[in-house]
Number of protein chains: 2
Amino acid sequence: MNSDMIIRITKYYRILNRLRSLGLEKVFAHNLADAAGVSAALVRKDFSLLEIYGQKRGGYEIPDLLEHLGRILGKTEEPQNVIIVGCGRIGKALMHYNGFEPDGIRIVAGFDSDPLIYSDSTHPVPVYPISRLEEVTSTFDVQVAIITVPESATSDSFHRLMQVGIRGILNFSPITLKPIKLEDGTSPVVHNMNIALELEQIFYKLQFPKTEPAK
Amino acid sequence: MNSDMIIRITKYYRILNRLRSLGLEKVFAHNLADAAGVSAALVRKDFSLLEIYGQKRGGYEIPDLLEHLGRILGKTEEPQNVIIVGCGRIGKALMHYNGFEPDGIRIVAGFDSDPLIYSDSTHPVPVYPISRLEEVTSTFDVQVAIITVPESATSDSFHRLMQVGIRGILNFSPITLKPIKLEDGTSPVVHNMNIALELEQIFYKLQFPKTEPAK
DNA sequence: TCTTTTATGTGAAAAATAATACAATAAATA
DNA sequence: TATTTATTGTATTATTTTTCACATAAAAGA
């Protein structure tokens, strides 16, 4: 399964969740396609590849789809625990964000090197000094970290996280982190979210508007 | 030029900027390739398509590349002005972020519907009530907005921005905005940054590690 | 019951994207 | 100067991804 397909699957999952909460029970490929911004053929092809089948002329059962896709995406009863490394403004904003819960994601702790920050007990989740990284991640069985440290600390934080066994990184710093190969032969999963880079892409696209994709 | 290529071009641009600030004057395709995480052949192919030429065996001149790519990306002397709609925690964090300036991006104003927020004058950039959107965007010739409002306000904010002529959107809310076609036949450029969606993709990839791409 | 309609599921075709291979060429070296 | 080496530029090939087209099936309507 390639990267674009993973994105589509996660989108389908969220759309289906929303449809279910609206009380719907069935969905057609073209409904999902419209909502996800892809073609109906692609939706059917994706499901076919994942061995998810609907009823001819009857569409797909939403609970069935959610069950299948949820398993593929590793959804369990228990939420997946995540930590935030770097509790500056962005890190704190993410701690307060309450949109993770419905998706089965839980921020369990923050980390910072500044005593003024980790001594402050008004955060919505506990904030620890970096020295307690290993202890906390093993206690909560954390596999994924969000990096929101300043540019200069990015690389250090990344290596530290690798050392304590974190295997998934969502990096908000403008330094692009690359999934270097680890001693054990595996590579971490790294997603970089670079806001300035996104804006630059938008500026480019505005400069050269795409010509109408001939229906 | 497709989306992946735009991403590559923006990456090349940043890498080249960094190399220049390190005092380098020339670069080989494979240097850029390594830094950007792509193959050298692809770098050469990209430049070839953009009609940027280097010297056989001599590599590419960094100032020349920056000039070319900068023009393609719409870089000018003047920074590109951006507004932030929704001055909650994330919006405020972005206002304070000082990593935009080196990339020629300037946050010129924030907007919020809450008087407690727009009356507070301690923000790093002026914050206005939504009613002044049109006035401010035309004064600063703003084409792009960052949406950081709560989920429930996302769709409204989006349509409001379309009405006042904003054509580029970077959306941080979990509602995926789609570039609906406008009356004038054009479509806005919309990039959605959905943090939970990114995390979900990471969880998936951790569950099914990619098998070693056979060198 | 028979016909029509509306979806799915999928093989085949097309389109898009990237890698390969190598000629061309310029610099370095002998 | 001749030879070797290193790198660009691009035609060709390979791969990946998506769309097309249609057989299949189920429901609805006549």
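Each chain gets a letter, A, B and so on, in the order the sequences are listed, and its residues count up from 1.
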Return yes if some donor-acceptor pair links the side-chain N/O of [X] with the main-chain N/O of [Y] below 3.5 Å, else return no.
X: B:K205; Y: A:P188; result: no
X: B:N31; Y: B:F28; result: yes
X: A:N192; Y: A:T176; result: no
X: B:S48; Y: B:R44; result: no
X: A:K178; Y: B:D34; result: yes

Using atom [atom1] of [X] as one end and atom [atom2] of [N] as the other, report the distance to the nearest whole Å.
X: A:K26; N: C:dT8; atom1: NZ; atom2: P; answer: 11 Å
X: A:H30; N: C:dT8; atom1: NE2; atom2: C1'; answer: 12 Å
X: B:Y60; N: C:dA26; atom1: OH; atom2: P; answer: 14 Å
X: B:N2; N: C:dA16; atom1: CG; atom2: C1'; answer: 8 Å
X: B:M5; N: C:dA18; atom1: CE; atom2: P; answer: 10 Å
X: A:L42; N: C:dG9; atom1: CG; atom2: P; answer: 14 Å

Legend entry - Short side-chain donor-acceptor distance under 3.5 Å, B:N17 and B:R14: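 Note: B:R14 and B:N17 side chains miss the donor-acceptor criterion.
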Inset, instruction - Please tell me which of the listed nucleotides, C:dG9, C:dA26, C:dA19, lies nearest to the side chain of A:S48? - result: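 Side chain of A:S48 sits closest to C:dG9.
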Legend entry - Listed nucleotide nearest any side-chain atom of A:K56, set C:dT5, C:dG9, C:dA18: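 Minimum distance to the A:K56 side chain belongs to C:dG9.
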Legend entry - Nucleotide interval of DNA chain D bounded by contacts with chain B (heavy-atom cut-off, under 4.0 Å):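 In short, chain B contacts DNA chain D from D:dT5 to D:dT12.
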Students often get this wrong, so: under 4.0 angstrom with heavy atoms, is [X] touching a base, only sugar-phosphate, or nothing?
X: B:G54; value: sugar-phosphate
X: B:F47; value: nothing
X: A:A29; value: sugar-phosphate

Legend entry - Distance below 4.0 Å between B:R44 side-chain N/O and C:dA24 OP1 or OP2: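 Checking B:R44 against C:dA24: no side-chain N or O falls below 4.0 Å of OP1 or OP2.
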Legend entry - Contact nearer the 5' end of DNA chain C, comparing A:A40 with A:R57: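 Of the two residues, A:R57 wins.
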Inset, instruction - Select from B:G59 and A:D46 the residue whose nearest nucleotide in DNA chain D is closer to the 5' end of that strand. - result: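 Counting from the 5' end, the first nearest nucleotide belongs to B:G59.
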Inset, instruction - Please tell me which of B:A41 and B:F28 maps to the more 5' nucleotide of DNA chain D, matching each residue to the nucleotide holding its nearest heavy atom. - result: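 Result: B:F28.
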Inset, instruction - Using the six-membered ring wherever Trp is involved, compare the ring planes of A:Y97 and A:F100 and label them parallel, tilted or perpendicular (cut-offs 30° and 60°). - result: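 Perpendicular, since the angle between the ring planes exceeds 60°.
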